[in-house]
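First the structure, in the form of structure tokens, and then the observations on it.
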Amino acid sequence: MTRFTRWAALTAAAALLTAGCSGGGPSKDDAGEDDKASGAVAIDWGHCEATEDGPAPGDEWRCATLEVPLDWSKPDGETIDLALIRAEATGDDRIGSLLFNFGGPGGSGVSTLPAYADVAADLRERYDLVSWDPRGTGASGGVRCRDDKAIEAAESSVDWTPDTPAEERVFLEDAADFGKGCQKAAGKLMAHVSTTDTARDMDRIRQALGDDRMHYFGISYGTELGGVYAHLFPEKVGRMTLDAVVDPTADAIGHAKNQTRGFQTALDNYLRSTGRDPEQGSREIADLLDRVDAEPLPTSSSGRELTQSLAIIGIVLPLYSEASWPALTSALDAAQDGDGTELLALADGYNERDASGGYGTTTHAQRVISCLDDKQRPTVEETKKLLPEFEKLSPVFGPFLGWDTAGWCHDWPVPGQFETPEVSAPGAEPILVVGNTGDPATPYEGARRMADELGEGVGVVLTWKGEGHGAYGSGSDCVDSTVNAYLLDGTVPQDGKVCS
């Protein structure tokens with residue numbers, strides 16, 4: 001089971017470099033609201049080392065750890081270490097550090113930033129590029145809730161759109177078992193990986209970097225994190241860009257509905273690009289999924305079959321980027337002919353499954369973080385009442401995302417913290433909010449709602465009429481030049497500017 005909230009770069013695990021960290025960090029200090037009282041010291045950067053997942057990223061990259069409180073309400077208590085990575089600015093006119101979060105939640109910034117460096121090359125001229133593994137992810141106490149064999153077994157045995165009481169029972173038992181595995185793996189950390197906890201970590205990182213203001217680039221879930229940071233520390237906001245924006249007014253059910261609409265819109269646009277009628281094409285794909293539900297398709301992958309659940313994930317991945325649409329066409333054609341190999345390969349890419357059968361843990365951290373954030377826990381009965389609405393929104397994605405509201409945090413070991421995140425930031429400097437009208441995972445409407453919630457004079461919306469998840473670095477000179485002018489020169493565009 002997985003939610004479609006990750007930024008596209010995090011779904012292509014094979015394309016990412018993974019870096020290990022060495023070097024010490026500063027001593028612990030207080031809750032971080034006052035820089036002078038915090039006692040933060042400079043980070044001790046060292047060489048990035050190779051890990052089991054990949055080679056070291058290169059000599060220009062430096063890594064370190066930073067000590068922060070496990071529980072921010074007890075700043076002098078137990079601590080945890082965060083893994084950081086940095087590449088120094090290439091030019092002489094340095095502004096400071098630019099901190100990146102690439103989404104998830106649960107994505108490793110230490111692994112992703114080196115792969116993103118070419119996109120951010122202009123920004124690096126005046127900023128040190130910095131990212132980190134948020135608590136509960138990667139090298140910052142990354143949580144693994146289930147081993148590889150159990151993950152593969154669940155993929156073949158659990159129906160994420162259960163049709164019978166027996167399938168419902170297996171669906172809910174698997175969800176509860178996953179939560180128990182997370183609790184066993186995370187221990188005390190389980191109750192301290194919220195978005196609010198990580199936003200406070202961000203301010204400690206800012207202090208340790210020696211920056212008076214937080215210059216930040218958040219993508220996908222990273223936009224929610226940026227909004228929460230701005231609410232907690234409005235006086236510390238510097239130049240902040242939020243791209244592929246999560247709707248801060250949506251609760252768990254509202255978010256699932258938003259994504260159902262978003263992915264159906266992306267699928268409609270994809271079908272139009274192939275010359276097909278979106279309604280008819282969607283029905284054909286839904287019929288294919290029904291057939292796969294009744295009888296999984298064979299594949300050439302060591303006897304593995306393509307289940308309905310894996311087929312849905314395989315369809316989702318290429319919708320994150322218009323450049324991947326031809327791969328979707330090929331995979332769907334093969335599946336219609338009875339071969340699930342290509343859709344399974346796409347699903348494996350999303351699930352971070354390598355050739356040896358090993359799985360990444362982004363989805364584990366994603367669930368641990370989001371279930372601590374989300375207070376809403378729909379029951380099966382409540383979900384069943386919602387299913388007709390979800391199916392009306394999308395015959396392809398509606399059933400999956402509808403059932404996900406019941407299973408994602410079912411019988412979770414710790415309670416959720418809020419219905420929706422608080423992102424109001426009165427008094428903060430202008431924050432650039434970038435929305436893409438064709439974004440499947442974080443639909444465009446979230447950008448305007450984020451700007452409104454940030455407050456008058458704070459949220460400034462830039463619209464791109466494009467396709468895929470995110471806008472910056474996706475092929476629009478208008479978007480890139482506007483974002484660069486804001487981050488590099490402080491030029492705030494007119495609210496509502498449109499790049500077509």
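Worth knowing before you read on, the calculation uses all heavy atoms, side chains too, and leaves out hydrogens, waters and symmetry mates.
Remark: the backbone N or O of S108 is not paired with any side-chain donor or acceptor of S111 at under 3.5 angstrom. One N or O on the side chain of R377 and one on the backbone of C371 form a donor-acceptor pair closer than 3.5 Å. Side-chain atoms of N101 do not come within 3.5 Å of backbone N or O of G218 as any donor-acceptor pair. Judged by distance alone, the side chain of Q264 and the main-chain N or O of A266 form no donor-acceptor pair under 3.5 Å. Looking at D133, its side chain does come within 3.5 Å of a backbone N or O of A139 through a donor-acceptor pair. Using a distance-only test at 3.5 Å, with no hydrogens or angles considered, a donor-acceptor pair links the side chain of D148 to the main chain of Y359. Counting only distance, with no hydrogens or angles, the side chain of S97 and the backbone of L99 share no donor-acceptor pair below 3.5 Å. Between the side chain of H231 and the backbone N or O of S424, at least one donor-acceptor pair lies under 3.5 Å. In terms of modelled atom types and a separation under 3.5 Å, the side chain of Q259 and the main chain of A256 share no donor-acceptor contact. Between the side chain of T137 and the main chain of P134, a donor-acceptor pair closer than 3.5 Å is present.
Electrostatic pairing of D201 and R135 counts as a salt bridge here, judged by a charged N lying under 4.0 Å from a carboxylate O. K384 and E168 are joined by a salt bridge, as a carboxylate oxygen and a charged side-chain nitrogen come within less than 4.0 angstrom of each other. The residues R206 and D211 are annotated as not salt-bridged, no charged nitrogen and carboxylate oxygen being separated by less than 4.0 angstrom. Between E389 and K257 there is a salt bridge, since a side-chain N of the basic residue sits under 4.0 Å from a carboxylate O of the acidic one. Classification of R261 and E445 as a salt-bridged pair fails, no side-chain N sitting under 4.0 Å from a carboxylate O. With respect to the salt-bridge test (charged N to carboxylate O, under 4.0 angstrom), the residues D177 and R146 qualify. Using a cutoff of 4.0 Å between basic side-chain nitrogens and carboxylate oxygens, R304 and D348 are scored as salt-bridged.
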Report the C-alpha distance between S156 and E305 in whole Å, list the side-chain angles of each, state the deciding distance to 0.1 Å, and finish with yes or no for side chain to side chain donor-acceptor pair (under 3.5 Å).
-> CA-CA 8 Å; S156 61; E305 292 182 321; over 6 Å; no

Does the side-chain contact (heavy atoms from CB on, under 4.5 Å) test come out yes or no for T420 and T249, once each step is laid out?
-> CA-CA 6 Å; T420 60; T249 69; 5.7 Å; no

After noting the C-alpha distance and the side-chain angles of E224 and D373, does the key distance pass the side-chain contact (heavy atoms from CB on, under 4.5 Å) rule?
-> CA-CA 11 Å; E224 178 179 325; D373 279 351; 4.0 Å; yes

Test salt bridge (Lys or Arg N to Asp or Glu O under 4.0 Å) applied to R353 and E152, step by step | CA-CA 10 Å; R353 186 184 194 275; E152 184 169 322; 2.8 Å; yes

Between M450 and L242, is a side-chain contact (heavy atoms from CB on, under 4.5 Å) present by the stated rule, with each step listed?
-> CA-CA 9 Å; M450 174 66 81; L242 308 179; 4.2 Å; yes

Please assess T405 against T383 for the test side chain to side chain donor-acceptor pair (under 3.5 Å), listing each intermediate value before the final yes or no.
-> CA-CA 7 Å; T405 63; T383 290; 3.1 Å; yes

Can you check side chain to side chain donor-acceptor pair (under 3.5 Å) on D439 and T442, steps first, answer last?
-> CA-CA 6 Å; D439 197 311; T442 51; 3.1 Å; yes

Could you check L98 against V130 for side-chain contact (heavy atoms from CB on, under 4.5 Å), going step by step and ending with a plain yes or no?
-> CA-CA 6 Å; L98 183 61; V130 181; over 6 Å; no

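Taking the six-membered ring where tryptophan is involved, the planes of F217 and F100 are essentially parallel, since the angle between them stays under 30° and well short of 60°. By the 30° and 60° cut-offs, the orientation of the rings of F233 relative to Y229 is tilted. The aromatic rings of F171 and W403 sit perpendicular to each other, their planes meeting at more than 60°, with 30° as the lower class boundary.
Between V170 and D159, the closest side-chain pair of non-hydrogen atoms is not below 4.5 Å. Side-chain contact between T241 and L487 is present, with heavy atoms from C-beta onward closer than 4.5 Å. The shortest side-chain heavy-atom distance between L346 and I315 does not fall under the 4.5 Å cut-off. Within the 4.5 Å cutoff, side-chain heavy atoms of L113 are placed close to those of L129. Side-chain contact check for V368 versus L372: every heavy-atom pair is 4.5 Å or farther apart. Looking at heavy atoms from C-beta onward, M202 lies in side-chain contact with L225 at the 4.5 angstrom threshold. Side chains of L66 and W132 form no contact here, defined as non-hydrogen atoms less than 4.5 Å apart. For the pair V237/Y216, no side-chain contact is recorded, criterion being any heavy-atom separation below 4.5 Å from C-beta on.
Between D374 and A252, the closest heavy-atom pair is OD2-CB, 4.2 Å. Residues C182 and V143 share a closest heavy-atom pair of O-CG1, 4.1 Å. Heavy-atom minimum distance, P69 versus P75: CG-O, 3.8 Å. Counting all heavy atoms, side chain and backbone alike, P57 lies closest to C48 at CD-CB, 3.6 Å. S324 approaches P318 most closely through the heavy-atom pair O-CB, 3.4 Å. Smallest separation of non-hydrogen atoms from P443 and G262: CG-CA, 3.8 Å.
How far CD of E167 is from OG of S157: 11.0 Å, rounded to the nearest 0.5 Å. Here the straight-line distance linking atom OG1 of T65 with atom CD1 of I80 works out to 11.5 Å at 0.5 Å rounding. Summarising the geometry, atom NE2 belonging to H469 is positioned 7.5 Å from atom CZ belonging to F263; distances are rounded to the nearest 0.5 Å. Within the model, atoms CG of L209 and CG of L84 stand 7.0 Å from one another, a figure rounded to the nearest 0.5 Å. Atom CG of residue L306 and atom CG of residue L289 lie 9.0 Å apart, to the nearest 0.5 angstrom. A distance of 13.0 Å separates CD of E342 from OG of S301, quoted to the nearest 0.5 Å.
For the 3.5 Å distance criterion, the side chains of T362 and E352 qualify, holding a donor opposite an acceptor. Defined by atom type and a distance below 3.5 Å, a donor-acceptor pair is missing between the side-chain atoms of S309 and E155.
Checked against a 6.0 Å centroid threshold, the rings of Y221 and F102 do not count as neighbours. Taking the six-membered ring for Trp, F178 and H364 have ring centres closer than 6.0 Å.
Remark: R367 is positioned above the aromatic ring of W408, its terminal NZ or CZ atom under 6.0 angstrom from the ring centre and at most 45 degrees off the axis.
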